[in-house]
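Have a look at the structure below, then the notes.
Naming: A, B, ... by sequence-line order, numbering from 1 per chain.
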Number of protein chains: 2
Amino acid sequence: MTYRLPSLNTLRAFEAAGRHLSFKTAASELGVTAGAVSQQVRKLEDSLGVALFRRLPHGLLLTDKGETYLPAITAVFDDLTEATEAIAPKINSKKFRVGVCASVKRMLPVTWPNHVDTLRNHVRDWVETNDTEMIRKDEIDCLVRSRGGPYGELTLIIIPAPPAGQDLHFVCKPGLADCRQSKAILQDLMQHVARAS
Amino acid sequence: MTYRLPSLNTLRAFEAAGRHLSFKTAASELGVTAGAVSQQVRKLEDSLGVALFRRLPHGLLLTDKGETYLPAITAVFDDLTEATEAIAPKINSKKFRVGVCASVKRMLPVTWPNHVDTLRNHVRDWVETNDTEMIRKDEIDCLVRSRGGPYGELTLIIIPAPPAGQDLHFVCKPGLADCRQSKAILQDLMQHVARAS
DNA sequence: TTTGCAGACTTAGTATTTCTATCCCTCCGC
DNA sequence: GCGGAGGGATAGAAATACTAAGTCTGCAAA
């Protein structure tokens, strides 16, 4: 049977906007502009002939139909993620690509991230960079740098250094700060900050 | 949490090819060329780093991972369809768009398809045409004509006329012949064929 | 053995979709 | 009244999807 379905892209925009009740925040999470999210959601609504959001001056409210649709779509994405991970568990987004600025790079062992298993299980590879745009573009999952900002909608976690040392900035997209990849990386970095001072 | 997922378009190509074990037949069902299906499936495999099919000279076999993934993806599409229909039941593909050639049009009442409820519930609208390409392009769901062919991968149902009359051809995509929309249309057409003779 | 056919693969170009940047609007707080 | 937040609209740029055409392989028929 041929399926007639909304595009996943429109559904992705809807789901993120529905969770955040904000096109702006959803855009930040998805790494696109708010205008793109707005357009995709509008396209979804037009194709369904149903309003999914009520637009307010400073955010969104879900309509009744939106309230019905959101958990179902979230479940669909969860199932899709599970099914995909079942066949490609090592590939799909489970290991972070880490951006590391030059001064942080000098602090790390040359074997990083392969010097301990826990880190190896959460870091896929790293690249030397100081460019936060790479986060927005999904080219890296987080960036570790010694200074900088402002980070806009990106999340900043400060890794405090001892008094004579230099705090580090761990920067990632909203929502990724608490995941186990970030935690493993942060834990490891804290040890290196302590040693570098 | 940001989802990192294959594009629905690649999944759609995979799912259809997996059901048919043929890019060619899947392409026909999806209304694109076999080259497009091949590319999309290849793109999916590359993004996952997993082979989903073994290519044979005259068709496909699913790999073990392909065998695992297919039913899960089919279920995802089913769930997505259900969720979508729950909020937009009257819009989404439930009523057929019917193509009708000129001679068949003359056979039908001017009120067609609105002269009976059953038909009105299954036919969204109709357009005068004799072009089977419109089926492939999803511009119409079926075509009713008095002669023609060959139909390639499209399904042909012949509506037999009494001896002095002209058989009709009901043409649609594979898989749509047995659905209730087609049945309702066929039943109605049989009555008109009988009356026209 | 040779030939023809079916169907998957590849490629370059075309068509379509998605995204961006920019401006506009409304609302709210100061 | 002004500034800021955030959604809306638009035109153009960028990315993706599709097509047409040619290539390759394997199989069946002559």
>> Just the rounded figure in Å: distance from P of D:dA17 to CG of A:Leu8.
In response: 11 Å
>> Rounded to whole Å, please give me the gap between CZ in B:Arg54 and P in C:dG7.
In response: 19 Å
> What's the CG-C1' distance between A:Leu21 and D:dA5, to the nearest Å?
Replying inline: 16 Å
>> If you count every heavy atom of other residues, nucleotides or ligands that lies below 6.0 Å from B:Arg55 atom CZ, does the total exceed 12?
In response: yes
> Given atom CZ of B:Arg12 and atom C1' of D:dT16, what is their separation to the nearest angstrom?
Replying inline: 15 Å
> What nucleotide among D:dG4, C:dA8, D:dG8 has an atom nearest to a side-chain atom of A:Phe23?
Replying inline: D:dG8
>> Side chain of B:Lys24 only, heavy atoms from C-beta on: which candidate in C:dA8, D:dG7, C:dC19 is closest?
In response: C:dA8
> Hey, is the side chain of A:His58 pairing donor to acceptor with the base of C:dC28 inside 3.5 Å?
Replying inline: no
>> Can you measure B:Leu44 atom CG to D:dA17 atom C1' for me and round it to whole angstrom units?
In response: 15 Å
> Does OP1 or OP2 of D:dG8 have a side-chain N or O of A:Arg55 closer than 4.0 Å?
Replying inline: yes
> Contact class for A:Gln40 (heavy atom, under 4.0 Å): base, sugar-phosphate, or nothing?
Replying inline: sugar-phosphate
> How long is the span from the NZ atom in A:Lys105 to the CH2 atom in A:Trp126, to the nearest 0.5 Å?
Replying inline: 5.0 Å
>> Same cluster or not: B:Leu143 versus B:Val127, using hydrophobic residues (I, L, V, M, F, W, Y) connected whenever any side-chain heavy atoms lie under 4.5 Å apart?
In response: yes
>> Can you measure B:Glu45 atom CD to C:dA8 atom C1' for me and round it to whole angstrom units?
In response: 12 Å
> With side chains defined as the heavy atoms from C-beta onward, is the minimum distance between B:Leu11 and B:Tyr69 less than 4.5 Å?
Replying inline: yes
>> Looking at A:Gln39 and D:dT10, is any side-chain donor or acceptor paired with a base atom of the opposite kind under 3.5 Å?
In response: yes
> Considering only C:dC19, D:dT16, C:dT10, which nucleotide approaches the side chain of B:Lys43 most closely?
Replying inline: D:dT16
> Of all the nucleotides listed (D:dA20, C:dA21, D:dG26), which has the minimum atom distance to the side chain of B:Thr33?
Replying inline: D:dA20
>> Whether B:Arg97 and B:Asp141 form a salt bridge (side-chain N of Lys/Arg under 4.0 Å from carboxylate O of Asp/Glu) is what I want to check.
In response: yes
> Distance check: side-chain N/O of B:Ser38 vs OP1/OP2 of C:dC9, anything under 4.0 Å?
Replying inline: yes
>> OP1 or OP2 of C:dT17 versus the side-chain N and O atoms of B:Asn9: is any pair under 4.0 Å?
In response: no
> Does a side-chain N or O from B:Ser22 land closer than 4.0 Å to OP1 or OP2 of C:dA6, or not?
Replying inline: no
> Taking atom C1' of C:dC27 as reference, at what distance in whole Å does atom CG of A:Leu60 sit?
Replying inline: 14 Å
